[in-house]
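First the proteins, then the strands, lettered A, B, ... as listed; each starts at 1.
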There are 2 protein chains.
Amino acid sequence: MSKVKSRTVFVPPQRETTPVGEQMATSGLRFTPQRRHVYQVLIGKRDHPTAEEVYLRAKHEMPEISLATVYNCLDVLVRCSLVKQVNLNRAAARFCPNMSQHSHFHCEDCGQIFDIDGESQSRRASTRLPRGFKLHQLEMSMRGLCPHCAAKQ
Amino acid sequence: MSKVKSRTVFVPPQRETTPVGEQMATSGLRFTPQRRHVYQVLIGKRDHPTAEEVYLRAKHEMPEISLATVYNCLDVLVRCSLVKQVNLNRAAARFCPNMSQHSHFHCEDCGQIFDIDGESQSRRASTRLPRGFKLHQLEMSMRGLCPHCAAKQ
DNA sequence: TTGAGACTTAGAATTATTCCAACTATTGAC
DNA sequence: GTCAATAGTTGGAATAATTCTAAGTCTCAA
């Protein structure tokens, strides 16, 4: 993953009362071993894996984990704002542990996804919204050529 | 559909040599009766239908059209930049004949999708892109509450 | 007129995701 | 601590959007 700037620092959770665990607990959810592991898998390699890829990586350390559980964990992590879900094409959803404000650049040639830092995107966007709309979340995605593929052509 | 401002004006194609038809022909594709009809269905009601919904609407005037053809037509229209494909959640893709620069606002309460005019979005976005990236297309989507649903709460 | 390539069609196949039912784990009230 | 209630996990089945396939039709250009 090409990352321009990072603000999210992962503190590995040791007990249920880590900041991450608390963020869940307030939603009435539990920070189970499976959920912690799925989260660590995402943090461990900061690309944009699909649920299937997360499943394969998670199985290395936790072979008995099921795909259904991985879907459940990802869903919970997204709902707790610990992970972003990225829907670029109609293909499988991808998951991104970078919670700083950023958008995604999808290279049409090599297929890679890049995080692009986008400061104050949502503030700018909401100033453009017609009166009455209440913005909760903004997602910006781009397609084109990454520097490497653009240079080749 | 709540439309703030529109720049796209539809000129109904009469012969194969309409502007719309030419836009296809240059790609080695044909502006067949099915493709024209699917396009007119989209233009006719400017909301954001799924492929299934387009299929149902198209069948009124052209009962023998198949779902596979509708998928083919939508794909071709998107590739010829006559229609935008909108992927909001993981649900069915939606199609939008508004080709002016705009983004989509998805109301979390009523589920409606609104076109929000966004002038010079892509110019601003590309100035934020790190050196070397070549932007072809930008998509911005928002979630939150539409004026009607926000007022209710 | 004919051959090549594009298009349409119905139905089958694919695939990401969700659902289900049985079982296990955790929490809070007593 | 015990126990009921609730939450989570698991494997497999089900779902639903989309793509593929094969056969037939249409269009264009030589």
Side-chain angles (χ1 to χ4, degrees), chain A residues 13 15-18 20-39 41 48-59 61-80 82-83 85-95, chain B residues 13 15-18 21-39 41 48-56 58-59 61-80 82-83 85-95:
Chain A
R15 312 185 316 282
E16 299 296 17
T17 50
T18 57
V20 171
E22 280 165 15
Q23 199 160 344
M24 278 196 173
T26 58
S27 321
L29 300 165
R30 295 180 196 151
F31 197 44
T32 65
Q34 286 87 347
R35 288 176 185 172
R36 177 184 305 150
H37 183 52
V38 164
Y39 184 54
V41 159
H48 301 82
T50 63
E52 185 75 29
E53 283 161 356
V54 172
Y55 172 56
L56 293 176
R57 291 180 200 175
K59 280 215 292 193
E61 296 257 319
M62 195 180 263
E64 71 289 354
I65 198 171
S66 76
L67 181 58
T69 299
V70 168
Y71 270 103
N72 172 304
C73 294
L74 289 170
D75 183 54
V76 166
L77 291 168
V78 168
R79 291 211 318 268
C80 294
L82 289 168
V83 161
Q85 180 167 346
V86 187
N87 305 310
L88 288 180
N89 336 310
R90 299 267 65 237
R94 294 178 172 275
F95 296 87
Chain B
R15 311 182 318 281
E16 300 296 17
T17 50
T18 58
E22 280 165 14
Q23 199 161 343
M24 277 195 174
T26 57
S27 323
L29 300 164
R30 295 181 195 151
F31 197 44
T32 64
Q34 286 86 349
R35 288 175 187 174
R36 178 185 304 150
H37 183 51
V38 164
Y39 185 55
V41 159
H48 301 83
T50 62
E52 184 75 28
E53 283 162 354
V54 172
Y55 172 57
L56 293 174
K59 280 215 292 192
E61 297 257 321
M62 194 180 265
E64 69 290 354
I65 199 171
S66 75
L67 181 57
T69 299
V70 169
Y71 271 103
N72 172 305
C73 294
L74 289 170
D75 182 55
V76 166
L77 291 169
V78 168
R79 291 211 318 267
C80 294
L82 290 168
V83 161
Q85 180 167 344
V86 187
N87 304 312
L88 288 180
N89 338 310
R90 298 266 65 234
R94 293 177 173 276
F95 297 87

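- Between A/Asp75 atom CG and D/dT9 atom C1' the separation is 15 Å, expressed in whole Å.
- Rounded to a whole Å, the CG atom of A/Leu29 is 15 Å from the C1' atom of D/dT9.
- When all heavy atoms of A/His37 and A/Ala58 are compared, the closest pair comes out as NE2-O, 2.9 Å.
- Residues satisfying the side-chain contact (heavy atoms from CB on, under 4.5 Å) criterion with A/Glu53, sequence neighbours excluded, are A/Pro49, A/Thr50, A/Arg94.
- Here the shortest heavy-atom pairing between B/Pro33 and B/Met62 reads O-CE, 3.7 Å.
- Put simply, CG on A/Leu74 is 13 Å from C1' on C/dA16, counting in whole angstrom units.
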Can you check each nucleotide of nucleotides 11-26 of chain D against protein heavy atoms at under 4.0 Å and return B for base, S for sugar-phosphate only, - for none, in 5' to 3' order? B-----SBBB-----B
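- Nearest heavy-atom pair, A/Leu74 versus A/Phe95, reported as atom, atom and distance to 0.1 Å: CD1-CE1, 3.7 Å.
- End-to-end axis angle for the helix from C/dT1-D/dA30 to C/dC30-D/dG1, using five pairs per end and rounding to 10°, comes out at 30°.
- Remark: B/Leu67 engages B/Glu52, B/Tyr55, B/Tyr71 in a side-chain contact (heavy atoms from CB on, under 4.5 Å) (not counting sequence neighbours).
- Atoms CG and CG, on A/Leu88 and B/Asn87 in that order, are 8.5 Å from each other to the nearest 0.5 Å.
- Within the structure, a side-chain polar atom (N or O) of A/Thr32 is placed less than 4.0 Å from OP1 or OP2 of D/dT9.
- B/Arg35 has its side chain within reach of B/Leu29: a pair of non-hydrogen atoms, C-beta onward, lies under 4.5 Å apart.
- Listed pair A/Gln34 / D/dT10 meets the phosphate criterion, a side-chain N or O lying under 4.0 Å from OP1 or OP2.
- In this entry the distance linking CG of A/Asn89 with P of C/dT17 reads 12 Å, nearest Å.
- A search for side-chain contact (heavy atoms from CB on, under 4.5 Å) contacts involving B/Asp75 returns B/Arg79, not counting sequence neighbours.
- Here C/dA6 presents its P atom at 19 Å from CZ of B/Phe31, a figure rounded to the nearest Å.
- For the pair A/Arg35 and D/dA7, the criterion of a side-chain N or O lying under 4.0 Å from OP1 or OP2 is not met.
- Rounded to an integer number of Å, the gap from NZ of A/Lys59 to P of D/dT10 is 11 Å.
- Looking at B/Ile65 and B/Val38, their side chains come closer than 4.5 Å, going by heavy atoms from C-beta outward.
- Distance B/Asn72 CG to C/dA10 P: 14 Å, rounded to the nearest Å.
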